[in-house]
2 protein chains.
Amino acid sequence: MYPIVALAEAAGAKVETIRYYERIGLLPEPGRTRSNYRSYSEVHLGRLSFIRRARDLGFTLDQSRELPELAESRNSDCGIVDAIGQDHLRDVERKIADLKALRRELCDLIGQCQKGAIAECRIIGALSPR
Amino acid sequence: MYPIVALAEAAGAKVETIRYYERIGLLPEPGRTRSNYRSYSEVHLGRLSFIRRARDLGFTLDQSRELPELAESRNSDCGIVDAIGQDHLRDVERKIADLKALRRELCDLIGQCQKGAIAECRIIGALSPR
DNA sequence: CTGGACCCTGTAGTCCCTACAGGGTCAAGC
DNA sequence: GCTTGACCCTGTAGGGACTACAGGGTCCAG
């Protein structure tokens, strides 16, 4: 049971953002203590972390809402879930490709400054196997 | 020399967004035709495409502004350029890792629907060597 | 029992677009 | 030569996603 500041820290969000998400119905209303303070569970933490991660990656709030709902609706129509999932997957693939291109450019830039810093780039390459 | 609609299409942006970027000084003012229509060059296209890509990946406009400026300032202080570049690089690495985790989740989700659709996932794996 | 850290509910402001309104430009076809 | 429709212009207002107060309650260590 986290108070709001603890949740904020754990999920990498601001307190105001959490209250905002609750207001627009993105985050379920938490329980309250006797003194009317919000009290969050692990479920809230998971959901909030996911949303923050998705937002940081350039997804809209609607998309961030859709993704976990998709996962929770395992028993509903597979065709729809599958189609939406495929869409998001394509989106993710494109973003990964774009980021890799950007990494390449940054690497080149840094390489030009630190002459003979190709080692640096090799480290970065090693950081991302697969 | 592109008119504004052509630039918008080529860069994947909206016409209004282009004018907005010009207003806030993010995109250099283009030349004008006799009838006062905007006329863009390849340089504009490159810059706009970069900004749109960066925005789509969750970078702020300020970051999107900083990155190409970094690249253009090859001759200025290497230490600073290098430090900022390293910062952005770390950011990019994190985003790639997050996206890969997200891809994994989506893949699992889709896999559960399309029973025995691991082939699909294998294809996706092949799409992203390295 | 008081100071400081924490929490509450507003509401207003910021950033980044996006959508008109109201009007000029221009090439094609009648 | 004149109209019609696609294109362009400059505003300004609206929307999504926060962010920052103001004004006030709660809690507990000293």
Side-chain angles (χ1 to χ4, degrees), chain A residues 1-41 44-45 47-69 88 91 95 98, chain B residues 1-41 44-45 47-69 88 91 95 98:
Chain A
M1 293 300 143
Y2 308 87
I4 196 164
V5 174
L7 185 76
E9 268 163 29
K14 305 215 164 164
V15 167
E16 288 91 345
T17 307
I18 295 173
R19 289 200 277 251
Y20 168 69
Y21 285 172
E22 182 184 329
R23 204 160 58 246
I24 63 171
L26 198 59
L27 214 54
E29 291 192 18
R32 296 280 182 144
T33 65
R34 235 167 292 99
S35 48
N36 200 32
Y37 288 11
R38 289 172 179 81
S39 174
Y40 296 95
S41 71
H44 290 101
L45 175 57
R47 197 174 169 91
L48 179 59
S49 302
F50 182 90
I51 294 168
R52 287 314 306 164
R53 200 154 54 96
R55 290 288 302 130
D56 180 57
L57 292 168
F59 292 95
T60 64
L61 274 193
D62 275 353
Q63 288 173 316
S64 311
R65 184 201 306 263
E66 201 173 52
L67 284 164
E69 275 170 8
H88 281 297
D91 223 15
K95 281 173 193 272
D98 278 351
Chain B
M1 293 299 143
Y2 308 87
I4 197 166
V5 174
L7 185 77
E9 270 164 28
K14 304 217 167 164
V15 167
E16 287 92 344
T17 308
I18 295 173
R19 288 201 277 250
Y20 168 70
Y21 285 172
E22 182 183 328
R23 204 159 59 245
I24 63 171
L26 198 60
L27 214 54
E29 292 193 18
R32 297 278 182 146
T33 66
R34 235 165 293 101
S35 46
N36 200 33
Y37 288 12
R38 289 172 178 81
S39 173
Y40 295 95
S41 72
H44 290 100
L45 175 57
R47 197 172 170 94
L48 179 58
S49 303
F50 182 91
I51 294 168
R52 288 313 307 163
R53 200 153 56 94
R55 290 290 300 130
D56 180 57
L57 293 169
F59 293 95
T60 66
L61 273 192
D62 274 353
Q63 287 173 315
S64 310
R65 186 202 304 263
E66 201 173 52
L67 284 164
E69 274 170 9
H88 282 296
D91 224 15
K95 281 174 193 270
D98 278 352

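Here is the naming used below: chain letters follow the sequence lines, and residue numbers restart at 1 for every chain.
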Identify which one of A:Glu22, A:Arg38, A:Glu9, A:Glu16 satisfies the side chain to side chain contact (heavy atoms under 4.5 Å, CB included) criterion when paired with A:Ile4. A:Arg38
Answer whether the closest heavy-atom distance between the side chains of A:Ile24 and A:Leu61 falls below 4.5 Å. yes
Measure CD/B:Glu16 against P/D:dA13 and give the value in whole Å, please. 17 Å
Could you give the CZ-to-C1' distance, from A:Arg65 to D:dG16, as a whole number of Å? 12 Å
Pairs: protein N or O with nucleotides 22-26 of chain D N or O, under 3.5 Å:
| unit_1 | atom_1 | unit_2 | atom_2 | d |
| --- | --- | --- | --- | --- |
| D:dG25 | N2 | A:Tyr37 | OH | 2.7 |
| D:dT26 | O4' | A:Tyr37 | OH | 3.1 |

Rounded distance in Å - CZ (A:Arg32) to P (D:dC27): 14 Å
Report the nucleotide, chosen from C:dT18, D:dT19, D:dC9, that has the shortest atom-to-atom distance to any side-chain atom of B:Arg23. C:dT18
How long is the line joining CG of A:Asp56 and P of D:dC18, in whole Å? 11 Å
For B:Arg47 and B:Leu26, the nearest pair of non-hydrogen atoms, with its separation, is NE-O, 3.2 Å
Check step by step if side-chain contact (heavy atoms from CB on, under 4.5 Å) holds for B:Lys95 and A:Lys95. CA-CA 9 Å; B:Lys95 281 174 193 270; A:Lys95 281 173 193 272; over 6 Å; no
For nucleotides 13-16 of chain C, list the nitrogen or oxygen atoms of the protein found under 3.5 Å from its nitrogen or oxygen atoms, one pair per line.
| unit_1 | atom_1 | unit_2 | atom_2 | d |
| --- | --- | --- | --- | --- |
| C:dC16 | OP1 | B:Leu61 | N | 3.3 |
| C:dC16 | O3' | B:Arg55 | NH2 | 3.2 |

d(NZ, A:Lys14; C1', D:dA20) in whole Å: 9 Å
Here's a test of your reading of the structure: between B:Ser39 and A:Leu26, which maps to the more 5' nucleotide of DNA chain D? B:Ser39
Give the rounded distance in Å between these two atoms: CD of B:Glu22 and P of C:dC17. 15 Å
Is the phosphate of C:dC8 approached by A:Arg38 (side-chain N or O, under 4.0 Å from OP1 or OP2)? yes
What is the nucleic acid contact for B:Arg19, judged by heavy atoms within less than 4.0 Å: base, sugar-phosphate only, or nothing? base
Determine the contact category for A:Arg34: base if any of its heavy atoms lies under 4.0 Å from a base atom, sugar-phosphate if only primed atoms, P, OP1 or OP2 are that close, otherwise nothing. nothing
CA sep, side-chain torsions, deciding dist, call: A:Tyr40, A:Leu45, side-chain contact (heavy atoms from CB on, under 4.5 Å): CA-CA 7 Å; A:Tyr40 296 95; A:Leu45 175 57; over 6 Å; no
Atom pairs and distances, side-chain donor-acceptor, residues 52-59 of chain A, under 3.5 Å, sequence neighbours left out:
| unit_1 | atom_1 | unit_2 | atom_2 | d |
| --- | --- | --- | --- | --- |
| A:Arg52 | NH1 | A:Tyr21 | OH | 2.7 |
| A:Arg53 | NH1 | B:Asp98 | O | 3.4 |
| A:Arg53 | NH2 | B:Glu105 | OE2 | 3.3 |
| A:Arg55 | NH1 | A:Phe59 | O | 2.5 |
| A:Asp56 | OD2 | B:Arg94 | NH1 | 2.9 |

Would you say the side chain of B:Arg65 lies within less than 4.5 Å of the side chain of B:Ile51, judging by non-hydrogen atoms? no
What integer distance in Å separates B:Ile18:CD1 from D:dC8:C1'? 13 Å
In whole angstroms, how far is the P atom of C:dC17 from the CG atom of B:Leu48? 10 Å
Within the structure provided, determine whether A:Ser39 and A:Arg32 are in side-chain contact (heavy-atom separation under 4.5 Å). no
Which value, rounded to the nearest 0.5 Å, describes the distance between A:Leu7 atom CG and A:Leu48 atom CG? 5.0 Å
